[in-house]
Amino acid sequence: MSYADTLFIHMCKDILENGTSTEGEKVRPHWEDGTPAYTIKKFGVVNRYDLSKEFPALTLRKTYIKSAIDELLWIWQKKSNNVSDLKSHIWDSWADETGSIGKAYGYQLGVKHKYKEGMMDQVDRVIYDLKNNPYSRRIMTNIYTFSDLHEMNLYPCAYSMTFNVTKDKESDKLVLNGILNQRSQDILAANNWNVVQYSVLLHMLAQVCDMKVGEFVHVIADAHIYDRHIPIIKELIQRPTYEAPKFSMNPEVKDFYQFCLDDFIIEDYQAGEQVKNIPIAI
């Protein structure tokens, strides 16, 4: 069994058994038919994944890892806010007639800021510090920019990454760890998608900064299961599980901006049947 499966099953059971229902309350999300989208929620869920041991992809059902990586590259590498630069259509509901999602996600990572070392955007600053000041406690990104919220078609859900470097006691090699802060998460539709994405991000940054990959910590302020997802979740967590897939990257890539989808290799990924036509609250 993949550790990601074990953690996911425990988290879903905890939300269903001990969570708070928002039914009957004033909620913003709604279904396409206009019905309010209520949830069962847990506050402050914290999940830890040791990326040095296995790649945290669910096997209860298949996560489309390459599509998740494509979205990650769209945000972190292309720093784009236009869906025309994205292969999937997951952002189409939030795009305007030009394909823009406003000043959200990739846009924020591409904004340059003034540092004493010069003008850099947040991604370049992270890479600079990991290479030059690896023990800094200030290596982080934040895309929840209050002055731009009114120009975002969707407020960022996964809004902050904090990077922290430790040392491997056996080899003295530097180890890259990271914390993803997420204000809200649709557990069925997005949980493993985000876990896979930011695990890949840590692998990418570790490789280009000559480090080993360590722990990924996922902090979710509002971890919720939508009312129409409850029967799907109950069926999903009863399924058989398999071993985690093997993940690797092209070792020749040493520049963060040179990674392409073909550089990511997923092998021996055995997983249950995909859950199709998941209703998405908007």
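Just so it is clear, the values below take in all heavy atoms, side chains as well, and ignore hydrogens, waters and symmetry mates. Position 1 is the first residue of the sequence; numbering continues from there.
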Can you tell if the side chain of [X] reaches within under 4.5 Å of the side chain of [Y], non-hydrogen atoms only?
X	Y	result
Tyr198	Gln182	no
Leu188	Leu236	yes
Leu109	Asp121	no
Leu130	Val165	yes
Tyr3	Lys53	no
Arg228	Thr35	yes
Leu72	Met204	yes
Leu202	Phe163	yes

Could you give the distance from [atom1] ([X]) to [atom2] ([Y]), rounded to the nearest 0.5 Å?
X	Y	atom1	atom2	answer
Met152	Tyr105	CE	OH	9.5 Å
Ser2	Gln270	OG	CD	12.0 Å
His10	Asp14	NE2	CG	5.5 Å
Arg28	Tyr155	CZ	OH	9.5 Å
Met11	Asn191	CE	CG	3.5 Å
Asp129	Ile127	CG	CD1	10.5 Å

Are the side chain of [X] and the backbone of [Y] linked by a donor-acceptor contact shorter than 3.5 Å?
X	Y	result
Gln122	Asn142	yes
Ser100	Asp96	no
His224	Ile15	no
Asp5	Leu60	yes
Thr162	Met140	no
Asn177	Asn164	yes
Asn133	Ser136	no
Glu243	Met1	yes
Gln108	Lys103	yes
Thr59	Tyr242	yes

ring-ring contact (aromatic ring centres under 6.0 Å, His included) between Phe259 and Tyr257, worked out: CA-CA 6 Å; Phe259 280 107; Tyr257 297 102; 9.9 Å; no
Angle between ring planes, [X] versus [Y], binned at 30° and 60°: parallel, tilted or perpendicular?
X	Y	value
Trp74	Trp91	tilted
Phe247	Phe264	parallel
Tyr49	Phe216	parallel

What do you reckon, is [atom1] of [X] surrounded by more than 12 foreign heavy atoms closer than 6.0 Å?
X	atom1	answer
Glu235	CD	yes
His89	NE2	no
Lys41	NZ	no
Asp33	CG	yes

Is there a path of hydrophobic side-chain contacts, each under 4.5 Å between heavy atoms of I/L/V/M/F/W/Y residues, joining [Y] to [X]?
X	Y	answer
Ile220	Leu201	no
Val253	Leu261	yes
Ile143	Leu154	yes
Leu58	Val200	no
Ile40	Tyr226	no

I need the minimum non-hydrogen distance between [X] and [Y], along with the two atoms involved.
X	Y	value
Tyr115	Met120	CE1-O, 3.4 Å
His229	Pro279	NE2-O, 2.6 Å
Trp31	Ala37	NE1-CA, 3.4 Å
Asn192	Pro56	ND2-O, 3.0 Å
Ala223	Val45	CB-CG2, 3.7 Å
Pro134	Met211	CB-CE, 4.0 Å

If you take the centroid of each ring, where Trp contributes its six-membered ring, are His218 and Trp193 closer together than 6.0 Å?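 For Trp193 and His218, the ring centres are not under 6.0 Å apart.
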Flag the pair [X] and [Y] as a salt bridge only when some basic side-chain nitrogen lies within less than 4.0 angstrom of an acidic carboxylate oxygen.
X	Y	answer
Lys212	Asp168	yes
Glu117	Arg125	yes
Asp268	Lys246	yes

Evaluate the criterion side chain to side chain contact (heavy atoms under 4.5 Å, CB included) for residue pair Gln197 and Leu180; output intermediate values, then yes/no. CA-CA 11 Å; Gln197 285 181 318; Leu180 172 65; over 6 Å; no
CA sep, side-chain torsions, deciding dist, call: Ile266, Lys66, side chain to side chain contact (heavy atoms under 4.5 Å, CB included): CA-CA 9 Å; Ile266 298 95; Lys66 284 294 186 82; 3.9 Å; yes
Verdict with reasoning, Ser84 to Asn82, per side chain to side chain donor-acceptor pair (under 3.5 Å): CA-CA 5 Å; Ser84 63; Asn82 197 290; 2.7 Å; yes
How far apart are the C-alpha atoms of Asp70 and Ser88, what are their side-chain angles, what is the distance that settles it, and do they pass the side chain to side chain donor-acceptor pair (under 3.5 Å) test? CA-CA 8 Å; Asp70 180 57; Ser88 66; 5.1 Å; no
Identified side chain to side chain contact (heavy atoms under 4.5 Å, CB included) counterpart of Leu176 within the set Val213, Ile139, Leu51, Leu205: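 When side chain to side chain contact (heavy atoms under 4.5 Å, CB included) is applied between Leu176 and each of Val213, Ile139, Leu51, Leu205, only Leu205 qualifies.
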Does Lys62 form a side chain to side chain contact (heavy atoms under 4.5 Å, CB included) with Tyr64? I'd like the steps, not just the answer. CA-CA 6 Å; Lys62 183 178 181 180; Tyr64 289 108; 4.1 Å; yes
Are Glu151 and Thr145 close enough, and set up right, to give a side chain to side chain contact (heavy atoms under 4.5 Å, CB included), and what steps lead you there? CA-CA 10 Å; Glu151 294 186 69; Thr145 306; over 6 Å; no
